Every structure is written in C-alpha cells, then in structure tokens.
There are 2 protein chains.
Amino acid sequence: MSPTPARTSRAAIIAAAAELLEAHGLEALTMAAVADVVGVRAPSLYKHVADRQQLIAAVADEAVRDLGMAIGNVPGMTDDGVQARLRSVATAFRTFARTRPRATALVFAGLGTEHQPSVDAARAAVAPLLSLAAELAGPERALEAARALTAYAYGFAAMESGGAFRFGSDVDAAWSAGLEALIRGLAA
Amino acid sequence: MSPTPARTSRAAIIAAAAELLEAHGLEALTMAAVADVVGVRAPSLYKHVADRQQLIAAVADEAVRDLGMAIGNVPGMTDDGVQARLRSVATAFRTFARTRPRATALVFAGLGTEHQPSVDAARAAVAPLLSLAAELAGPERALEAARALTAYAYGFAAMESGGAFRFGSDVDAAWSAGLEALIRGLAA
DNA sequence: ACCTGAACACCGTTCAAGT
DNA sequence: ACCTGAACACCGTTCAAGT
C-alpha cells in the first residue's frame, strides 16, 4: 500500500546519459542503456523525463552550465593583462571541449538535436568571455569580438576532436598562433 | 532468366541520403526513407552500400569533395591581393556551410559517425586555402594559418547554423570583423 | 544480377497491472 | 507514486525465393 519511493532521479538519469554520450556516442544513448546504468527498466525513465529528445536536451543544458563554470573559474587571473586573461579563458574552453567533445558538439553544432540551450543559460556561460572581449575591443565591439573568439575556439576544438588535423605538425602551436593572431587583430 | 538490370545506383542512393540529411536531419536518414526516394525496398540498398554507417560516410566524403569545389572555384580572383582572395575563399566556405549545414557538421564535427574523410580528399579540399595561407603568412607558417582560418570559418558557420547567435546585433558584420582581425593578425 | 517479402533483434513509447 | 512486463510501431539487417 505504501507508495514506492523513487529508485532513481532526473539528475542521475541525465548524468548517466551524459556518460554514455561521451563514452560511446549519441547512438549509444538509448533509453534501455540509460535505464540499465541507473538500475531501472526503460519505461520507468518516463516518470522523470518526457522522452529521449528531452533527455538529450537536458544533457546539452547541463553541458552549457558546466562549460560556463569551466571558463568562469579560471584561477589566478587577477594580475594579468586582458590578452593574457583572454588566452587563459580560451584555453579553458579548449580543455573543456577536449574533455567532453561530444557534449560540446551537441551544444554548438546541434547535429542530432533541434534543441537550443535557453538564452539565459547561454548568456551566463559566455559572460566571462564577453566582459574580457569588451575590455579588449571596447564595449562597442565586445559582442563581435566575443563571437569571433568563440567561433575560433569552438571550431579549433571541434576539428581537433573530430580528427581533422592529420597533416602532422604541432597542433598546440597552431592553437596558440591562431589565438594570438586573433587577439592581436581584435585589439588593433 | 535474364538478370534484372540495376533499378537504382550507388550515386542515386548517396544523393537521396544527402537530401534527407539536409532536409530533416540525421535521424531521418533511414534505410527505408532512402529506399523510398530512389524507388526500391530497403533490403535492395545493401546491393549498393555495405550498411547505414558506410552510407553516411559516403555522404560525408561527397560533401568534402563538394566543399573543395566550392572553395576552389571562386570566380574573378586573379587581380586581387592575398587578403582579398582569402576573404573570398573564407566567405565561399561560409556560404557552403550555410547551404548544407548538416553535411558540414558531419564532416567537421563528426557527431553521429566515427567516420573520417580520407586524408587525400581532405587535402584536396583545403588545397586552395593552404596556398593562400602560405602567401599570407609565409610557407613556414602556412599550415598554422590555414588551420586558424578553417577553425574560425567552420566555428562561425556552425554556431550560426546551430542558432548560437541569438543576442541580436549584425551577424554579417561580426563575420567580417572577426575574419579581418584574423587575417590582419596572421599577416603580421 | 538485382529485387522482394518474411523474419529477427533492437529501439522508443504506452499502458494496464503490481506494490 | 513509482516501477514493471507486455505490447506496438519502427528500424537495421539477413536471407531464401523470385525474375
């Protein structure tokens, strides 16, 4: 007669889904596999998430928040100049994208979902980058500069994770050279 | 007794798959849907392609070739300086990515496939960009410069197609400003 | 030599029945 | 109030049977 307490939770389900995505790709993120990780049967998931699309959307939203924290909490930046801090934030972005490439692709390329993270979440995530861009290029051109930096960082990280850089040579050096060039150009 | 002639072809199948991908997304690229477009039943496709993964890979390969042609045949560039030609080629890339966003994501982000386009195909596609990069930044730094330009162009186009630019303001102006900054910085 | 229907394993999702 | 097995429609893939 006593109603059973929940044997899993929305948070656990989203975490399991994010793990499966990163470990084995989007096609491995099945309701049965997620259910298996959290220890229930597939139909039970529908008590916690509407359907698979919404679960994927929730994984993307969580990734946006994680990314925001990753680039918002870069340590020891108080003493540096704008360009050095921008370099640190962009590199934190790259590190995040290398750690969670498939979640990053879900957020930025959106292949496999029609979902967009909420405007508020996106705004919060890029806030630190936007304020540095304003410092670098002036408030008038802050948005443009932030977009250019994000485009470069995401594009580079995506190509890197996707294996697009296969002509040898030093990938780290290419990252730094491109970033320096962009920062220099935006500051001018 | 006479063996039946092929009622469809590998080329037609790939074209149908590319159409479905762009029109309705990767999850709409099903064997049944492709078979329907080319006018056969799903099992017949296996006479022409090994399986769905290989079909998706073929779509990606074809997209790489198309992209190579798109950025290799930019008209009326003979009289321009390096920077102007680079601007034209990068903009041709953006135009291609806006026309075929999902195929572009398949090639660069590779979410939904483990496939990589062959090194030769990729090399051919980026050849025009590489030679311009050499002209701009010197042969020593050509590869770095080409990578930075590709990363920026793909990243910008991906974010644009994915709807990441939703804070208002002029997206075309942002594209130009970022591209100018990068070219200026790479030339220095 | 290619095409087909039937069949199988799998997936997302619903729902009545359990506790 | 949540969980489950059974069921349904759909998907990728195989294969024996047609022409």
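No experiment lies behind these values; they were computed from the predicted model shown. Chain letters run A, B, ... following the sequence lines, proteins first, then strands; residues in each count from 1.
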For B:R52, give me all partners under side-chain hydrogen bond (donor to acceptor under 3.5 Å, both in side chains), at least two apart in sequence or on another chain. none
Under the salt bridge (charged side-chain N to carboxylate O under 4.0 Å, His left out) test, residues paired with B:R98 that sit two or more places apart: B:E160
Round to the nearest Å and state the distance from [X] atom [atom1] to [N] atom [atom2].
X     : N      : atom1 : atom2 : result
A:L20 : C:dG12 : CG    : P     : 11 Å
B:Y46 : C:dC2  : OH    : P     : 17 Å
A:Q53 : C:dC11 : CD    : P     : 16 Å
B:L45 : D:dT14 : CG    : P     : 12 Å
B:Q54 : D:dG12 : CD    : P     : 15 Å
A:E27 : C:dC11 : CD    : P     : 11 Å
B:D51 : D:dC11 : CG    : P     : 17 Å

Stems field, DNA chain D, Watson-Crick or wobble, 3.5 Å, at least 3 pairs, by first number, holds C:4-8 with D:12-16, C:12-16 with D:4-8
For residues 34-43 of chain B, which residues have at least one heavy atom under 4.0 Å from DNA chain C? B:V40, B:R41, B:P43
List the atom of [X], the atom of [Y], and the distance in Å for their closest heavy-atom pair.
X      : Y      : value
A:D51  : A:M31  : C-CE, 4.3 Å
B:A146 : B:L130 : CB-CD1, 3.5 Å
B:F156 : B:V171 : CZ-O, 3.6 Å
B:V38  : B:A12  : CG1-O, 3.6 Å
B:A177 : A:E144 : CB-OE1, 3.1 Å

Shorter than 3.5 Å, N or O on both sides, protein versus nucleotides 8-10 of chain C: list them out with atom names.
none

Check this for me, if you would: do A:R100 and A:D66 make a salt bridge, where the nitrogen-to-carboxylate-oxygen distance has to be below 4.0 angstrom? yes
Can you find a side chain N or O atom of B:H48 that sits less than 4.0 Å from OP1 or OP2 on C:dC3? yes
On the nucleotide D:dC2, are OP1 or OP2 found under 4.0 Å from the side-chain N or O atoms that A:S44 carries? no
Considering the options A:D172, A:T99, A:T104, which one meets the side chain to side chain donor-acceptor pair (under 3.5 Å) requirement together with A:R94? A:D172
Please list, chain by chain and in numerical order, all residues satisfying side chain to side chain contact (heavy atoms under 4.5 Å, CB included) with A:D80, sequence neighbours excluded. A:A84, A:R85
State which of [options] makes the closest approach to the side chain of [X].
X     : options               : answer
B:A6  : D:dC3, C:dC2, C:dC11  : C:dC2
A:M31 : D:dT13, C:dT13, C:dC3 : C:dT13
B:R52 : C:dT4, D:dT13, C:dT13 : D:dT13
B:K47 : D:dT14, C:dC3, D:dC3  : C:dC3

Is there a ring-ring contact (aromatic ring centres under 6.0 Å, His included) between B:Y154 and B:F108 once you walk through the steps? CA-CA 8 Å; B:Y154 164 64; B:F108 284 89; 4.9 Å; yes
For the backbone of B:L21 and the side chain of B:R102, can you confirm whether one donor and one acceptor N or O come within less than 3.5 Å of each other? yes
